[in-house]
> 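Quick one: structure below, then a few questions.
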Amino acid sequence: MKPPHLWRVTAFGILLMSAWLWGRDASAQGAPRTHQIFMTAVEIKGSTTTDTLAPPAVNPVDLSKGYGFKGPGEADKTAPQRWEVAGYAFAPGFITVQQGDTVTLTAFVVNGDYHDVAVLAPDGQAVVPTALWQRGREYRVSFVAENMGTYQLKCFAHAPSMAASILVLPR
């Protein structure tokens, strides 16, 4: 084979394979799927001392109900310079699905005595009503992502920082 002919055959083969893969991928996306997502509700903590870093000028608790703060002298009575910050979060905090897919979230609550949790559609309407989630327990909620946009798994007790986004793309 001459090199130009080999190049044409190779290019044609690549185009043929690409078309086949694209067609296969497009047909696979046609049917709605069920997504089983495992999540954890956690409290992330950090601490330091005033000789390393001054505490924040604004109390983080004033910024969000999902933040915690123990100032110098509060965090550790035996170490008066120590201060702590904390924040509640869902992990993972972001998920992408396609319109029409069923989303099943299984969440294990590690930290926080309670969380008032709901799933809100892009228009703000509850697709999973508010329920009380408590530490050391697993909860499962499920919904069909009917609308494009961002659904929110939201803890009202620690809003606005304790939320997970479920982005729904068109099918």
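All figures in this text were calculated on a predicted structure; none of them were measured in a lab.
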> Who pairs with Thr50 by side chain to side chain contact (heavy atoms under 4.5 Å, CB included), at least two apart in sequence or on another chain?
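So Thr50 forms a side chain to side chain contact (heavy atoms under 4.5 Å, CB included) with Pro55, Pro72, Gln81, Trp83.
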> For a quick test of reading the model, state the closest non-hydrogen atom pair linking Met39 to Ala164 and the distance between them.
CE-CB, 3.6 Å
> Taking side-chain hydrogen bond (donor to acceptor under 3.5 Å, both in side chains) as the cut-off, I'd like each qualifying pair that reaches into residues 56-69, sequence neighbours left out, listed once.
Ser64-Ser161
> Go through the structure and list residues passing side chain to side chain contact (heavy atoms under 4.5 Å, CB included) with Thr52, not counting sequence neighbours.
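Testing Thr52 for side chain to side chain contact (heavy atoms under 4.5 Å, CB included), a comparison that skips the adjacent residues, returns Thr48, Thr49.
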> Give the table of side-chain donor-acceptor pairs shorter than 3.5 Å for residues 121-135, with sequence neighbours excluded, one pair per line with atom names and distance.
| from | atom 1 | to | atom 2 | distance (Å) |
| --- | --- | --- | --- | --- |
| Asp123 | OD1 | Gln125 | N | 2.9 |
| Arg135 | NH2 | Asp113 | OD1 | 2.7 |

> Look up atom CD in Glu74 and atom CD in Glu84, then write down how far apart they are to the nearest 0.5 Å.
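The CD atom of Glu74 sits 9.5 Å away from the CD atom of Glu84.
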> Enumerate, atom names and distances included, each donor-acceptor pair closer than 3.5 Å involving a side-chain atom of residues 146-155, sequence neighbours excluded.
| from | atom 1 | to | atom 2 | distance (Å) |
| --- | --- | --- | --- | --- |
| Tyr151 | OH | Glu146 | N | 3.1 |
| Tyr151 | OH | Asn147 | N | 3.0 |
| Gln152 | NE2 | Ser165 | OG | 2.9 |

> Other than Leu120, what residues sit in its cluster of Ile, Leu, Val, Met, Phe, Trp and Tyr side chains whose heavy atoms are under 4.5 Å apart, directly or through others?
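Result for Leu120 is Phe156.
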> Transitively linked via ILVMFWY side-chain contacts under 4.5 Å: Val61 with Val58?
no
> If you compare all heavy atoms of Tyr114 against all heavy atoms of Ala157, which two are closest, and at what distance to 0.1 Å?
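It is CE1-CB, 3.7 Å.
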> Other than Phe94, what residues sit in its cluster of Ile, Leu, Val, Met, Phe, Trp and Tyr side chains whose heavy atoms are under 4.5 Å apart, directly or through others?
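Leu167, Leu169, listed by chain and number.
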> Mind checking whether Val42 and Ile95 sit in one hydrophobic cluster, side chains of I, L, V, M, F, W, Y counted as touching below 4.5 Å?
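No, Val42 and Ile95 fall in different hydrophobic clusters.
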> Atom CZ in Phe90, atom CE in Met162: separation rounded to 0.5 Å?
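Interatomic distance, Phe90 CZ to Met162 CE, rounded to 0.5 Å: 4.0 Å.
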> Show the atom names and distances, to 0.1 Å, of all donor-acceptor pairs under 3.5 Å that link a side chain in residues 100-111 to residues at least two apart or in another chain.
| from | atom 1 | to | atom 2 | distance (Å) |
| --- | --- | --- | --- | --- |
| Asp101 | OD1 | Arg33 | N | 2.9 |
| Asp101 | OD1 | Arg171 | NH2 | 2.1 |
| Asp101 | OD2 | His35 | NE2 | 2.8 |
| Asp101 | OD2 | Gln98 | N | 3.0 |
| Thr104 | OG1 | Ser142 | OG | 3.1 |
| Thr106 | OG1 | Gln36 | NE2 | 2.7 |
| Thr106 | OG1 | Arg140 | NE | 3.0 |
| Asn111 | OD1 | Glu43 | N | 3.0 |

> Which atoms form the tightest heavy-atom contact between Pro92 and Phe38, and what is the distance?
CD-O, 3.5 Å
